[in-house]
S.K.: 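Sharing a structure, written as structure tokens. Questions coming.
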Number of protein chains: 2
Amino acid sequence: MKVSREQVALNRQRIVETAARLFREKGYDGIGVADLMKSAGLTHGGFYGHFDSKEDLLAEATAHALKKSVERWEGYAAKGGDAALTTIGGNYLSAEHRDHPELGCSVTTLGADISRLGAKARHALTEGACGQMAVLEKLMPGEDAADKRKQALATYAAMVGAIMLARAVDDEALSLEILQAVRQSLADPLG
Amino acid sequence: MKVSREQVALNRQRIVETAARLFREKGYDGIGVADLMKSAGLTHGGFYGHFDSKEDLLAEATAHALKKSVERWEGYAAKGGDAALTTIGGNYLSAEHRDHPELGCSVTTLGADISRLGAKARHALTEGACGQMAVLEKLMPGEDAADKRKQALATYAAMVGAIMLARAVDDEALSLEILQAVRQSLADPLG
DNA sequence: ATTATCTATAGATCTATAGATAATGC
DNA sequence: ATTATCTATAGATCTATAGATAATGC
């Protein structure tokens, strides 16, 4: 049952990607190691050859998902200025993002779980959030660096909160209204 | 082992209050019915005389916690205008609130869990969030009602996101910076 | 007599580990 | 020979229920 080194690396990567999807979809406690491994096409017992614990996998999966997200944001940021900010905000604050937590920002889906978990997962989230905030910071209008920084943090918080709220409320109209309100505050920071 | 009707009502209330605290502290999956009942001074089996399921208790606990929060906000709102907004924002966006999730806003602690759960819990959260947003709406500066509404939703999203982020990141300076950035954007909406 | 709570347990999970198996890679 | 994955299981949970117990309230 041994497989090639290449296959081992592929299997490990597949576990991380499967976990990144399933943890975001179901929450950290919503998916077990056995089901997760099954989704990755492997058996339960094989897991502990790759990772020390379920929590370690969460940290890697979170790092992986957020790294991809930051790369995407950096791609949009290449446009520069208002267009980039509108693109990032439009994608993030969309019904599409709201309806696909399994592919979306890990901070919104796993932030509360991770704040109760260990150092590794919290560090992965912190690195990812810092990456996203750094992209926003460069795109903020204005001259003063401290102002841009503050605006970036406040904007990021609003984006994260909006997606979480939009997913939690049971009123579709309100959900869309929240997304739109933050999208608009982003395009038009002067209220 | 039967108790008086009065005591039954007290026991039920005690379960709800204990649950409101423990669910916020540990997350929905982080505390079991048996431990929860133990915390409330009762035994496991007695639970199902009071509630149909753990999820029903979550809905009641969330409704209870958010109702209290809305009442507190309405108290601050009696001051009116900027002072009220500053008080609400100052309390919400504090290290104290960040460090005491068990007493804090249920949306930040349970929003992600509840978005994956049933109709009752989502409705309780929605009612609570609407109550908080309604308070903010009245306090927003400006004349245009639609603008005030949008500002209230965007502000609320930023507050919720800020607390979740402030709890999740592993960097105390960054955590405080996020809280301060949103507090400032609240006091000074023109950036 | 009714019933709120108790003890005890069913049945289904969960994470993690032990030891067997079989294919890679020296 | 080494080792990645497999099957099987330990031991600890979890939600929910069944039936016993004992105090209330008719």
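The chains referred to below are lettered A, B, ... by the order of the sequence lines, with proteins before strands, and numbering in each begins at 1. Note that the coordinates shown come from a computational prediction; the quantities given were computed from them, not determined experimentally.
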S.K.: Just to confirm, is there a sub-4.0 Å distance from OP1 or OP2 of D:dA16 to any side-chain nitrogen or oxygen of B:Tyr48?
M.R.: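 True: B:Tyr48 side-chain N/O within range (under 4.0 Å) of D:dA16 OP1/OP2.
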S.K.: Can A:Lys54 be said to sit on top of A:Tyr28's aromatic six-ring, NZ or CZ under 6.0 Å from centre and within 45° of the ring axis?
M.R.: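 Pair A:Lys54/A:Tyr28 counts as cation-pi.
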S.K.: Check this one for me: any side-chain N or O of A:His44 less than 4.0 Å away from OP1 or OP2 of D:dT9?
M.R.: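 Indeed not, no polar side-chain atom of A:His44 lies that close.
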S.K.: How long is the line joining CG of B:Asp56 and P of D:dA16, in whole Å?
M.R.: 9 Å
S.K.: C:dA4 phosphate, OP1 or OP2: any side-chain N/O from B:Asn11 under 4.0 angstrom?
M.R.: no
S.K.: Rounded to the nearest angstrom, tell me the gap between atom CZ in A:Phe51 and atom P in C:dT17.
M.R.: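 Interatomic distance, CZ of A:Phe51 to P of C:dT17: 15 Å.
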S.K.: If you define the side chain from C-beta out and look only at heavy atoms, does anything of B:Glu127 sit under 4.5 Å from B:Leu66?
M.R.: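 No, side chains not in contact.
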S.K.: Quick one: on DNA chain D, does B:Gly46 or A:Gly46 contact a more 5' nucleotide (nearest heavy atom)?
M.R.: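 Taking each residue's closest nucleotide, the earlier one in sequence belongs to A:Gly46.
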S.K.: Nearest nucleotide by nearest heavy atom, which residue falls closer to the 5' end of DNA chain C, B:Gly45 or B:Ser4?
M.R.: B:Ser4
S.K.: Rounded to whole angstrom units, what separation is found between the CD atom of A:Glu55 and the C1' atom of C:dC14?
M.R.: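 It works out to 15 Å between those atoms.
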S.K.: Could you tell me whether a side-chain N or O of A:Arg14 sits under 3.5 Å from a main-chain N or O of A:Ala40, the two making a donor and an acceptor?
M.R.: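 Present.
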S.K.: Could you state the atom-to-atom distance from CG of A:Leu42 to P of D:dA4 in whole Å?
M.R.: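 So the CG-P distance, A:Leu42 to D:dA4, works out to 13 Å.
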S.K.: Say whether, by atom type as modelled, one donor and one acceptor occur between the side chain of B:Glu25 and the main chain of B:Pro101 under 3.5 angstrom.
M.R.: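 Checked: no pair found.
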S.K.: Is any side-chain N or O of A:Lys2 closer than 4.0 Å to OP1 or OP2 of C:dA22?
M.R.: no
S.K.: Round to a whole Å and report the spacing from CG of B:Leu36 to C1' of D:dA16.
M.R.: 15 Å
S.K.: Among D:dT15, D:dC14, C:dA16, which nucleotide has an atom closest to any side-chain atom of B:Lys54?
M.R.: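 Nearest listed nucleotide: D:dT15.
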S.K.: Measure up the B:Trp73 and B:Tyr156 rings against each other and bin them: parallel (under 30°), tilted (30 to 60°), perpendicular (over 60°).
M.R.: perpendicular
S.K.: The side chain of B:Thr43 is closest to which nucleotide in this list: C:dT7, D:dT7, D:dA4?
M.R.: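 Minimum distance to the B:Thr43 side chain belongs to C:dT7.
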S.K.: Quickly work out the A:Lys38 NZ to C:dT13 C1' distance and round it to whole Å.
M.R.: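 Checked: the NZ to C1' distance equals 14 Å.
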S.K.: Any strand is fair game: report the nucleotide pairing with C:dT17 by Watson-Crick or G-U wobble, both distances under 3.5 Å, or none.
M.R.: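 Matched C:dT17 with D:dA8 under the 3.5 Å cut-off.
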S.K.: Using whole Å, report how far CG of B:Asp52 lies from P of D:dA16.
M.R.: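 Taking CG of B:Asp52 and P of D:dA16, I get 9 Å after rounding.
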S.K.: For D:dA23, give its Watson-Crick or G-U wobble partner with both distances under 3.5 Å, or none.
M.R.: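 Because both required distances fall under 3.5 Å, D:dA23 counts as paired with C:dT2.
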S.K.: Let's see if you can work this out: which of D:dA4, C:dA4, C:dA16 has an atom nearest to the side-chain heavy atoms of A:Val8?
M.R.: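 So the nucleotide nearest the side chain must be D:dA4.
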S.K.: What's the CG-C1' distance between B:Leu10 and C:dA4, to the nearest Å?
M.R.: 14 Å
S.K.: Between B:Arg5 and B:Gly32, which residue's closest nucleotide on DNA chain D lies nearer the 5′ terminus?
M.R.: B:Gly32
